[in-house]
Enquirer: 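I'd like to ask you about the structure that follows.
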Amino acid sequence: MKIRLSNTLGGGKDEFVPLREDRVTMYVCGPTVYNYIHIGNARPIVVFDLLYRLLKRCYRMVVYVRNITDVDDKIIAAAAAEQVAIGELTRRYTAAFYDDIAPLGVLAPDIEPRATGYIRPMIKMIQRLLGGGHAYQAEGHVLFDVPSMPDYGQLSRRDLAGLQPGARVEVEAYKRHPSDFVLWKPAAAGETGWESPWGRGRPGWHLECSVMAGVHLGETIDIHGGGRDLVFPHHENEIAQSTCAHGGRPFARYWVHNGYITVDGEKMSKSLGNFRMLRDVLKKHHGECVRLALLGVHYKKPLDWSDGVLEQARRALEKWYRLLLDARPGVAADADPQVTEALCDDLNTPQAIARLHEIAHAASAAPAADRARHLALLRASAAALGLLGHEPQAWLRWRPAAAADDAALGDDEIEALIAERNRARDGRDYPAADRIRRRLAQAGVVLEDGAEGTRWLRQ
RNA sequence: GGCUAGUUGGCAGAGUGGUUAUGCAGCGGCCUGCAAAGCCGUGUACGCCGGUUCGACUCCGGCACUAGCCUCCA
């Protein structure tokens, strides 16, 4: 199986060939833990989980690193605003992060380093950069000397002359070049900081990823992933630091970036305030619906978030789980070749999902004797996307925690009403039977009378 | 000003130098006490203007529009 990936570096769709045949390395930028994550943060979590699953099918060993940023200006500001210690704040939001993504069905990365655990190697990298003439000190800061790197801007395809310095943020006077960025900044009295050769301070934002990738995966990694908005300056600066600290050896060979999520056509971001928190979405929707909704659009493209995309995902999953109610367990199968092929072609999830629909349709239309085979194929193929791993009846009867109020009916009440309705039907008292159907419908319960009795599910 | 991505049927969304994407919704039928689900059938599309070609939604050029980046961001 050959995987092709869109590579931001160069802009083409390249065949993926790992540096070492036996060991693939992937680093993905994880959350900064100063707040709950929004649905836009969830997209790379799901997209790179999918890539991780695919790589694991193709290569013997895959090492996936996803960091947690637990030191940063926004964290310090948030801790001050909430009047709690930094460590307490980051512990709280780290725990919330894991709670929030659990329903998305993502595999745990192999390594999840936290920035604060890597201060020593960060200082070492800064020293190497200073020694190599790629950094300088000014007013207590250590800054990366951008003009010292000839290829700077190759990822985001900009040259230094074309940048509009200070377009959005004022340029500090101590910078030699407007594009120079902070490697180490001084900590004010009472602020979080670590001792360093340049005084007490803390690392710049970009440094941690360079260092943690280097420590765990080596100087040159295969895949570096993240959201599009990290291309510049974050990833550009990571390249600059790592390449210059590693004697010019390349940092990452394939750069993979997911598109952002929009709301009403506008980018969702914490700064715009139009974000949808993942935990709020999950109060009303099954996590698997969120996962499928996120995979319903090719990962590179913008995805306009709405109840519509969630509803579309829900209907597809409902259809598939209804079919799987009849699946016999234990029928093993490999994923459908066309599904695998679609995924290998730059993670073409819409095409893979279309194929799942075709498999499902074939199962519905097949004679009963052939059904098990189709359903096993459906389940195995969906598993390649991290889908349909739940027990069908439980999934179909799932209700969001937020719906557990007085209007909702419990399973026992529903079963009792169904028994009452079936007694009415046996007595041909159809008006009474229909009254119960309507009552259940109002509670979101759908009844289906089949040859083997009455089946129910929640919608 | 520079750079990036995009524009496909009522909606979502792939792909392709000539032949059904797929799903949802719609319409007709089968099935059903009523329904639901499912099945069968069915309509609708490639932003605009040029060019290349036997043939362009697809390739090339230009234009328009949308979104984003140019040191907070997934």
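Being a predicted model, the structure only gives us computed values, none of them experimental. Throughout, a chain's letter reflects where its sequence line sits, starting with A, and its residues are numbered from 1.
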Enquirer: Could you please spell out the steps behind the salt bridge (Lys or Arg N to Asp or Glu O under 4.0 Å) verdict for R43(A) and D229(A)?
Expert: CA-CA 13 Å; R43(A) 192 175 192 187; D229(A) 45 359; over 6 Å; no

Enquirer: Give G308(A) one of three labels, base, sugar-phosphate or nothing, depending on what nucleic acid heavy atoms sit under 4.0 Å from its own.
Expert: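 G308(A): no heavy atom of the nucleic acid under 4.0 Å.
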
Enquirer: Is the base of G33(B) touched by the side chain of D434(A) through a donor-acceptor pair closer than 3.5 angstrom?
Expert: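 Indeed there is one.
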
Enquirer: Taking the side chain of R228(A) as heavy atoms from C-beta outward, which of C39(B), U4(B), G33(B) is closest to it?
Expert: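 So the nucleotide nearest the side chain must be U4(B).
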
Enquirer: Is R425(A) side chain donor-acceptor paired with the G33(B) base, going by distance under 3.5 Å alone?
Expert: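 Yes.
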
Enquirer: Is it true that K283(A) and D280(A) make a salt bridge, defined as a side-chain N closer than 4.0 Å to a carboxylate O?
Expert: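 Looking at K283(A) and D280(A), the cut-off is met.
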
Enquirer: For the P atoms, the ones on U52(B) and on G15(B), what distance do you get once it is rounded to whole angstrom?
Expert: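 The same atom, P, in both gives a distance of 29 Å.
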
Enquirer: Taking D99(A) first and then R279(A), would you say they form a salt bridge - that is, a charged N and a carboxylate O separated by under 4.0 Å?
Expert: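 No salt bridge links D99(A) with R279(A).
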
Enquirer: Among D346(A), T349(A), N258(A), which one satisfies side chain to side chain donor-acceptor pair (under 3.5 Å) with Y299(A)?
Expert: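 With Y299(A) as partner, side chain to side chain donor-acceptor pair (under 3.5 Å) holds for just one option, D346(A).
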
Enquirer: Anything under 3.5 Å between a protein N or O and an N or O of nucleotides 58-61 of chain B, put it in a table, one pair a line.
Expert:
none

Enquirer: S364(A) side chain: which of C39(B), G68(B), C69(B) is closest?
Expert: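 Of C39(B), G68(B), C69(B), C39(B) is nearest to the side chain of S364(A).
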
Enquirer: Roughly how many Å apart are C27(B) and G62(B), using the C1' atom of each and rounding to a whole number?
Expert: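 42 Å, rounded to whole Å.
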
Enquirer: Just checking K267(A): base, sugar-phosphate only, or nothing, at a heavy-atom cut-off of under 4.0 Å?
Expert: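 Base: the residue K267(A), judged by heavy atoms under 4.0 Å, touches a nucleobase.
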
Enquirer: I'd like the P distance from U8(B) over to A14(B), given in whole Å.
Expert: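 Result for the P pair: 11 Å, nearest Å.
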
Enquirer: So what is the 5' to 3' dot-bracket string for RNA chain B, if pairs are Watson-Crick or G-U wobble with both distances under 3.5 Å, crossing pairs use [ ] and | means the partner sits on another strand?
Expert: (((((((..(((.....[...))).(((((.......)))))....(((((..]....))))))))))))....

Enquirer: If the P atom of U16(B) is compared with that of U58(B), how far apart are they to the nearest Å?
Expert: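 My reading of the P atoms in U16(B) and U58(B) gives 13 Å.
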
Enquirer: Could you please name the option among U22(B), A14(B), A74(B) that lies closest to any side-chain atom of Q351(A)?
Expert: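 Nearest to the side chain of Q351(A) among the choices is A14(B).
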
Enquirer: Do Y321(A) and E288(A) have side-chain N/O donor and acceptor atoms under 3.5 Å apart?
Expert: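 A pair is found: one side chain offers a donor N or O, the other an acceptor, under 3.5 Å apart.
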
Enquirer: With no angle test and no hydrogens, is the base of G33(B) tied to the side chain of R421(A) by a donor-acceptor pair under 3.5 Å?
Expert: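 Result: at least one qualifying N/O pair found.
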
Enquirer: Please check if any side-chain donor atom of Y93(A) sits under 3.5 Å from a side-chain acceptor atom of D70(A), or the reverse.
Expert: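 On atom types as modelled, these side chains do not qualify, holding no pair under 3.5 Å.
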
Enquirer: Considering only atom C1', compute the distance from C54(B) to G17(B) and round it to an integer number of Å.
Expert: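 It works out to 12 Å between them.
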
Enquirer: How would you list all residue pairs meeting salt bridge (Lys or Arg N to Asp or Glu O under 4.0 Å) that involve residues 308-321 of chain A, not counting sequence neighbours?
Expert: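 Pairs touching residues 308-321 of chain A that pass the test: E311(A)-R314(A), E311(A)-R315(A), R314(A)-E318(A), E318(A)-R322(A).
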
Enquirer: Can you find an N or O donor on one side and an acceptor on the other, under 3.5 Å apart, linking the side chain of D449(A) with the base of C34(B)?
Expert: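 In this structure, the two groups form a donor-acceptor pair.
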
Enquirer: Describe the nucleic acid contact of S306(A) in one word from base, sugar-phosphate, nothing, applying a heavy-atom distance below 4.0 Å.
Expert: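 The residue S306(A) makes no contact with any strand.
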
Enquirer: Going by the salt bridge (Lys or Arg N to Asp or Glu O under 4.0 Å) test, which pairs reach into residues 432-445 of chain A, not counting sequence neighbours?
Expert: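 Pairs touching residues 432-445 of chain A that pass the test: R437(A)-D449(A).
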
Enquirer: At under 4.0 Å between heavy atoms, what does E358(A) touch on the DNA or RNA strands: base, sugar-phosphate, or nothing?
Expert: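 Contact class for E358(A): sugar-phosphate only.
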
Enquirer: Check ring pair (Phe, Tyr, Trp, His ring centres under 6.0 Å) between F48(A) and all other residues, then give those that pass, not counting sequence neighbours.
Expert: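 So F48(A) forms no ring pair (Phe, Tyr, Trp, His ring centres under 6.0 Å) with any residue.
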
Enquirer: Using the P atom as the point on both nucleotides, what is the distance between C30(B) and A35(B), in whole Å?
Expert: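 It works out to 13 Å between them.
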
Enquirer: Under 4.0 angstrom, heavy atoms only, what part of the nucleic acid is D429(A) near: base, sugar-phosphate, or nothing?
Expert: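 Here D429(A) touches no strand at all.
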
Enquirer: Please figure out whether G11(A) or G259(A) has its closest RNA chain B nucleotide nearer the 5' end.
Expert: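 Here G11(A) is the residue nearer the 5' end.
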
Enquirer: In residues 288-305 of chain A, which residues come under 4.0 Å of RNA chain B by heavy atom?
Expert: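 Those residues are G296(A), V297(A), H298(A), K301(A).
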
Enquirer: Please check if atom CZ in R371(A) has more than 12 non-hydrogen atoms from other residues, nucleotides or ligands closer than 6.0 Å.
Expert: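 Yes, CZ of R371(A) has more than 12 neighbouring heavy atoms, counting only those of other groups under 6.0 Å.
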
Enquirer: How would you list, by chain and number, every residue that makes a ring pair (Phe, Tyr, Trp, His ring centres under 6.0 Å) with Y430(A), sequence neighbours excluded?
Expert: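 Checked Y430(A) against ring pair (Phe, Tyr, Trp, His ring centres under 6.0 Å); zero matches.
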
Enquirer: Heavy-atom contacts under 4.0 Å between residues 311-320 of chain A and RNA chain B, which residues?
Expert: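 Residues of residues 311-320 of chain A under 4.0 Å from RNA chain B: Q312(A), R315(A), K319(A).
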
Enquirer: For I37(A), report the nucleic acid contact type (base, sugar-phosphate, nothing); a contact means any heavy atom under 4.0 Å.
Expert: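 Result for I37(A) = nothing.
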
Enquirer: Which nucleotide in the set U4(B), C69(B), G33(B) lies at the smallest distance from any side-chain heavy atom of A433(A)?
Expert: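 Closest nucleotide to the A433(A) side chain: G33(B).
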
Enquirer: On a whole-Å scale, what distance lies between the P atoms belonging to G43(B) and C63(B)?
Expert: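 That atom pair is separated by 39 Å.
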
Enquirer: Nearest whole angstrom, please: distance from the C1' of G6(B) to the CD of E266(A).
Expert: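 Between C1' of G6(B) and CD of E266(A): 17 Å.
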
Enquirer: On RNA chain B, compare the nucleotides closest to V309(A) and L230(A); which residue's is nearer the 5' end?
Expert: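 In this pair, the answer is V309(A).
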
Enquirer: In a check of side-chain contact (heavy atoms from CB on, under 4.5 Å) between L54(A) and each of V62(A), L385(A), L343(A), D49(A), which one passes?
Expert: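 Single pass found, and it is L343(A).
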
Enquirer: According to side chain to side chain contact (heavy atoms under 4.5 Å, CB included), who are the partners of P103(A), at least two apart in sequence or on a separate chain?
Expert: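 With sequence neighbours excluded, P103(A) shows a side chain to side chain contact (heavy atoms under 4.5 Å, CB included) to L282(A), given in chain and number order.
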
Enquirer: Please determine whether ring pair (Phe, Tyr, Trp, His ring centres under 6.0 Å) holds for the pair Y118(A) and H216(A), giving the CA-CA distance in whole Å, both sets of side-chain angles, and the decisive distance to 0.1 Å.
Expert: CA-CA 11 Å; Y118(A) 296 80; H216(A) 290 291; 5.5 Å; yes

Enquirer: Please check if any side-chain donor atom of N422(A) sits under 3.5 Å from a side-chain acceptor atom of T454(A), or the reverse.
Expert: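 The answer is yes; a qualifying pair exists.
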
Enquirer: Let me confirm one number: the CG-SG distance from L294(A) to C289(A), rounded to the nearest 0.5 Å.
Expert: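 One finds 11.0 Å between CG of L294(A) and SG of C289(A).
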
Enquirer: If the P atom of A74(B) is compared with that of G61(B), how far apart are they to the nearest Å?
Expert: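 Looking at atom P only, A74(B) and G61(B) are 36 Å apart.
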
Enquirer: Any base atoms under 4.0 Å from I45(A), or only sugar-phosphate, or nothing? Heavy atoms, all strands.
Expert: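 Result for I45(A) = nothing.
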
Enquirer: Applying salt bridge (Lys or Arg N to Asp or Glu O under 4.0 Å), name anything that partners D411(A), two or more places apart in sequence or on another chain.
Expert: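 Listed in chain order: R458(A).
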
Enquirer: I'd like a list of close polar pairs between nucleotides 40-43 of chain B and the protein, N/O only, cut-off under 3.5 Å.
Expert:
unit_1 : atom_1 : unit_2  : atom_2 : d
C40(B) : OP2    : H361(A) : NE2    : 3.0

Enquirer: Only counting residues at least two apart or in another chain, list the ones meeting ring pair (Phe, Tyr, Trp, His ring centres under 6.0 Å) with H141(A).
Expert: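 With sequence neighbours excluded, H141(A) shows a ring pair (Phe, Tyr, Trp, His ring centres under 6.0 Å) to Y174(A), given in chain and number order.
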
Enquirer: Would the base of A74(B) count as contacting R43(A) through its side chain, where contact means a donor and an acceptor less than 3.5 Å apart?
Expert: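 Not at all, since no donor on one side and acceptor on the other fall under 3.5 Å apart.
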
